[in-house]
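Written out below as structure tokens is the structure these notes cover.
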Amino acid sequence: DTAVSQTPKYLVTQMGNDKSIKCEQNLGHDTMYWYKQDSKKFLKIMFSYNNKELIINETVPNRFSPKSPDKAHLNLHINSLELGDSAVYFCASSLRGGLETQYFGPGTRLLVL
Amino acid sequence: SQQGEEDPQALSIQEGENATMNCSYKTSINNLQWYRQNSGRGLVHLILIRSNEREKHSGRLRVTLDTSKKSSSLLITASRAADTASYFCATDEGTGGFKTIFGAGTRLFVKA
């Protein structure tokens, strides 16, 4: 069984569109994250949620809105997509915050044309 | 700001050789973790070392931590072609752990 899953795996869309990426974890973890990995492989945290509550928002534009309907899900909605949003987005989870091992999803490769 | 900085950025070695990667960070930490990323995949956790530990082993991996120098190293012994991947260090910046900062990574290529 996949521990952390993301859908879709690939997303190609036009500038200005709105898109969502879904993430689910079946590990019973309390904390979930979204990361953005750019073309140079630099991985930057965007958001972290603990028990459905937003803990970290790392100066991400308002166009990005995470939503956690329950502890097992953390979705990412992006409005008005821009070229610079093209990247790989990773979801991750951990038992309790970053002091514990994080388990990563396979990533969603977003290409904005 | 980027917390972890890996060195070297890229490393190419022959199978059987040892590979050493270094990571430096800026602020105090509670723990430091190393992750591996194979091409086109998500990150996989390798090892976690807490701030009160100096060395940790896991199979062919050896991690050291020097909090006075704010640095860590990852040693992979007897490397294999399957070790070809990018390796990242990650720290919690001494916070409650909800903000994990990753370095830029070291790209390791092991030639068969």
Side-chain angles (χ1 to χ4, degrees), chain A residues 2-7 9-10 21 23 25 27 29-60 66 68 74 87-109, chain B residues 1-6 8-11 21 23 25 27-53 56 58 61 63 84-109:
Chain A
T2 304
V4 182
S5 60
Q6 294 178 230
T7 54
K9 190 170 182 180
Y10 299 96
I21 308 172
C23 177
Q25 54 96 2
L27 298 166
H29 287 169
D30 288 342
T31 309
M32 295 186 73
Y33 313 81
W34 277 110
Y35 291 91
K36 177 181 180 180
Q37 188 173 45
D38 61 24
S39 57
K40 294 183 179 178
K41 304 295 184 187
F42 185 58
L43 196 70
K44 184 174 171 58
I45 189 164
M46 300 173 69
F47 303 102
S48 65
Y49 269 72
N50 190 58
N51 285 317
K52 303 193 299 175
E53 182 183 340
L54 178 66
I55 303 296
I56 296 288
N57 179 342
E58 273 297 289
T59 59
V60 177
S68 182
L74 180 61
V88 182
Y89 292 84
F90 287 100
C91 175
S93 74
S94 66
L95 187 59
R96 283 182 308 273
L99 294 176
E100 307 291 338
T101 298
Q102 292 184 37
Y103 294 81
F104 281 76
T108 295
R109 285 140 193 84
Chain B
S1 61
Q2 187 171 338
Q3 169 76 321
E5 303 263 356
E6 283 92 343
Q9 290 187 348
L11 184 58
M21 288 159 269
C23 168
Y25 56 92
T27 65
S28 62
I29 60 172
N30 291 305
N31 68 38
L32 184 143
Q33 302 184 50
W34 284 92
Y35 288 81
R36 183 187 73 227
Q37 184 180 32
N38 289 85
S39 182
R41 301 287 188 93
L43 278 74
V44 173
H45 181 260
L46 295 176
I47 201 162
L48 181 153
I49 186 165
R50 301 200 186 278
S51 59
N52 60 354
E53 297 176 311
K56 210 160 183 182
S58 177
L61 306 180
V63 168
T84 295
S86 291
Y87 292 82
F88 296 86
C89 70
T91 60
D92 67 308
E93 253 189 11
T95 66
F98 295 104
K99 182 177 175 180
T100 303
I101 305 298
F102 284 83
T106 292
R107 285 134 195 84
L108 174 65
F109 181 64

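Note on naming: letters A, B, ... go to the chains in the order of the sequence lines (proteins, then strands), and numbering restarts at 1 for each one.
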Practice task
For the residue pair A:Gln102 and B:His45, establish whether any side-chain heavy-atom pair is separated by less than 4.5 Å.
Solution key: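 Result no, sub-4.5 Å side-chain heavy-atom pair not found.
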Handout entry: Contact summary for B:Arg41 and A:Arg109, nearest pair of heavy atoms
Key =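 Shortest heavy-atom contact: N-NH2, 3.9 Å.
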To the nearest 0.5 Å, what is the distance between [atom1] on [X] and [atom2] on [Y]?
X: A:Lys41; Y: B:Gln9; atom1: NZ; atom2: CD; answer: 14.5 Å
X: A:Phe104; Y: B:Tyr35; atom1: CZ; atom2: OH; answer: 5.5 Å
X: A:Ile45; Y: B:Lys99; atom1: CD1; atom2: NZ; answer: 8.5 Å

Handout entry: Region of A:Leu43 that comes under 4.5 Å of a non-hydrogen atom in chain B
Key =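 Both backbone and side chain of A:Leu43 come within 4.5 Å of chain B.
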Practice task
With a 4.5 angstrom heavy-atom cut-off, could you sort out which part of A:Gln37 is near chain B: side chain, backbone, both or neither?
Solution key: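 Contact with chain B: side chain only.
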Practice task
Sequence neighbours left out, what passes ring pair (Phe, Tyr, Trp, His ring centres under 6.0 Å) with A:Phe90? Give chain and number order.
Solution key: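 None.
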Handout entry: Counterpart residues, ring pair (Phe, Tyr, Trp, His ring centres under 6.0 Å), relative to A:Tyr89 (two or more places apart)
Key =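 With neighbours one apart ignored, the set is empty.
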Practice task
Could you point out which residue of A:Tyr33, A:Tyr35, A:Phe42 forms a ring-ring contact (aromatic ring centres under 6.0 Å, His included) with B:Phe102?
Solution key: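 Result for ring-ring contact (aromatic ring centres under 6.0 Å, His included) with B:Phe102: A:Tyr35.
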